[in-house]
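One-based numbering, in listed order, for ligands and for the atoms of each. All residue numbers in this chain count up from 1 along the given sequence.
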Amino acid sequence: MDNRPFKILVTGACGMLGTDVLKAASGLAGVEAQGVDMADFDLLDTKAAAAYIARFKPDAIVHCAAFTNVDAAEARQEEAFKINAMAVRDLAVICAEGSIKLALLSTDYVFDGEKGSPYAEYDQPSPINVYGMSKYYAERYAVQICPRSFIVRTSWLFGANGNNFVRAILKKSRSEGELFVVDDQVGSPTYTGDLAKFLIELVQTDKYGIYHATNEGYCSWNEFARVILKLSAMDGVKVNAVDSEAFKRPAARPKNSRLLKTALYYSGFKGLRPWQEALADYLAEIGEA
Ligand SMILES: NC(=O)c1ccc[n+]([C@@H]2O[C@H](COP(=O)([O-])OP(=O)(O)OC[C@H]3O[C@@H](n4cnc5c(N)ncnc54)[C@H](OP(=O)(O)O)[C@@H]3O)[C@@H](O)[C@H]2O)c1
């Protein structure tokens, strides 16, 4: 009998999602997990990445590391493309040669948001910002190069180890007392703790392909802000609705970020719970509920 544990390498392990993926994998029976981040090697150093991977010999890599500053990517296009796309190409080659599974984290931002209904896994991506384009190329490299690849598109992440919308809303409410939040972008808030559990389950299967994985339910950023404040007993704070035009940022955002989770359910996975339930747990986790 083979008693060897299933070995998972988590990149971006000090980031918001990576922290929770490592946590979800650690202590699981039959699983051995290791996390890496910038301090271990820069993903742009392919030789260092290959050497590390050859030493650890993972069965699967959950690739959370990325250039994630969506607005900064507009001015730093080449850097974003190298980290998000070229480094994934090289990682995919390493995985293909070593028969390693590769789970690539991707994003709702591969879509332009113009569709009038939620996006299916097979809808054609058409990114409207540099970050989205770099992630779309990453998806293509992973699928074309590594036969054992999972593409996991997610959206609007919040987790304990990162700056995110929930924290920003709580902070702003305390300093300003009145908020202006866009109500013409719709998507699914997603708790990194819930997504992490799905990722660990997914990579232990051979159900390769493209997945959409978010908490259940859709809302606008404005509705999201209202629920955050309600659950943290700060609903006295006024939340005004504004549209994206009034809130210009360097990178354009898709208005419709709703993702259908057909592949996830078809493949027999349990969906992620409704975002409101996940948010309540998250607020308790960070001492805000
Ligand atoms: N956040 C969201 O709402 C969201 C939505 C959809 C999809 N995603 C995707 O989900 C994944 C996780 O997102 P996140 O928000 O958890 O990211 P995050 O907190 O920004 O973490 C990213 C990690 O990657 C590391 N990293 C960046 N460049 C690197 C390099 N060249 N070599 C090695 N490590 C490097 C970062 O290290 P340093 O901090 O030292 O740079 C950081 O620890 C990403 O692939 C992202 O594109 C995120």
Side-chain angles (χ1 to χ4, degrees), residues 9-24 35-50 52-53 61-73 76 78-91 102-111 113 119 125 127 129-139 141-142 150-168 185 187-196 198-199 210-215 221 224 251 253-254 257-259 272 275 278-279 282:
L9 183 69
V10 183
T11 69
C14 298
M16 186 163 63
L17 177 61
T19 301
D20 277 349
V21 174
L22 195 58
K23 204 163 127 190
V36 286
D37 215 293
M38 228 15 165
D40 302 288
F41 58 85
D42 186 329
L43 279 158
L44 297 180
D45 183 347
T46 313
K47 277 192 186 150
Y52 192 101
I53 292 164
I61 297 179
V62 181
H63 185 49
C64 300
F67 185 111
T68 55
N69 188 331
V70 176
D71 286 321
R76 292 157 63 191
E78 213 178 313
E79 193 185 341
F81 191 78
K82 280 187 199 161
I83 296 170
N84 288 352
M86 303 311 297
V88 169
R89 181 200 63 183
D90 296 344
L91 200 55
L102 174 62
L104 169 72
L105 268 298
S106 189
T107 167
D108 52 316
Y109 285 9
V110 297
F111 296 117
Y119 284 95
N129 59 41
V130 168
Y131 168 79
M133 184 60 86
S134 67
K135 296 298 273 190
Y136 175 44
Y137 269 80
E139 290 189 359
Y141 283 140
F150 309 92
I151 306 299
V152 182
R153 297 184 185 135
T154 188
S155 64
W156 298 18
L157 293 182
F158 57 91
N161 191 41
N163 288 320
N164 55 60
F165 183 77
V166 182
R167 283 216 161 95
Q185 290 168 25
S188 300
T190 303
Y191 182 34
T192 50
D194 291 352
L195 179 61
F198 166 68
L199 288 165
I210 300 179
Y211 288 85
H212 291 171
T214 66
N215 278 115
W221 289 111
F224 188 17
R253 264 75 173 169
S257 277
R258 291 173 295 164
L259 301 176
L272 280 64
W275 65 266
L279 176 61
Y282 170 64

- [ ] Looking only at non-hydrogen atoms, find the nearest pair between L105 and C64 and report the distance.
- [x] CD2-SG, 4.2 Å
Task: A87, portion touching ligand 1 at heavy-atom distance under 4.0 Å - done: neither
Open item on the list: Tell me whether ligand 1 is touched by S106 - counting only heavy atoms on the residue side and a distance under 4.0 Å.
Closed with: yes
Open item on the list: Suppose I only count heavy atoms of G12 and a 4.0 Å limit; which atoms of ligand 1 are within that range?
Closed with: 23 (C), 24 (O)
- [ ] Give the numbers and elements of all ligand 1 atoms closer than 4.0 Å to a heavy atom of G15.
- [x] 19 (O), 21 (O), 43 (O)
Task: atom 31 (N) of ligand 1 - nearest protein heavy atom and its distance - done: D42 OD1, 2.9 Å
Task: Minimum side-chain heavy-atom gap L259-F111 below 4.5 Å - done: yes
Open item on the list: Applying a heavy-atom cut-off of 4.0 Å, say which part of T68 lies close to ligand 1: side chain, backbone, both or neither.
Closed with: side chain
Task: Option among H212, K135, E139 that satisfies the side chain to side chain donor-acceptor pair (under 3.5 Å) test with S106 - done: E139
Task: Test side chain to side chain contact (heavy atoms under 4.5 Å, CB included) applied to F224 and V166, step by step - done: CA-CA 8 Å; F224 188 17; V166 182; 3.8 Å; yes
Open item on the list: With a cutoff of 4.0 Å, is F158 in contact with ligand 1, counting heavy atoms of the residue only?
Closed with: no
Open item on the list: Do H63 and V152 have side chains that approach each other closer than 4.5 Å (heavy atoms only, starting at C-beta)?
Closed with: no
Open item on the list: With a cutoff of 4.0 Å, is K135 in contact with ligand 1, counting heavy atoms of the residue only?
Closed with: yes
Open item on the list: Under 4.0 Å from atom 43 (O) of ligand 1, can you find at least one protein heavy atom?
Closed with: yes
- [ ] Ignoring angles and geometry beyond distance, decide whether M16 reaches within less than 3.5 Å of ligand 1 through its nitrogen or oxygen atoms.
- [x] yes
Open item on the list: In this structure, does ligand 1 have an atom that sits under 4.0 Å from one of the heavy atoms of C64?
Closed with: yes
Task: Y109 to ligand 1, any heavy atom closer than 4.0 Å - done: no
Task: Option nearest atom 40 (O) of ligand 1 (shortest heavy-atom distance, choices R153, E79, M38) - done: M38
Task: Numbered atoms of ligand 1 (with element) below 4.0 Å of Y131, judged on heavy atoms - done: 7 (C), 8 (N), 9 (C), 46 (C), 47 (O)
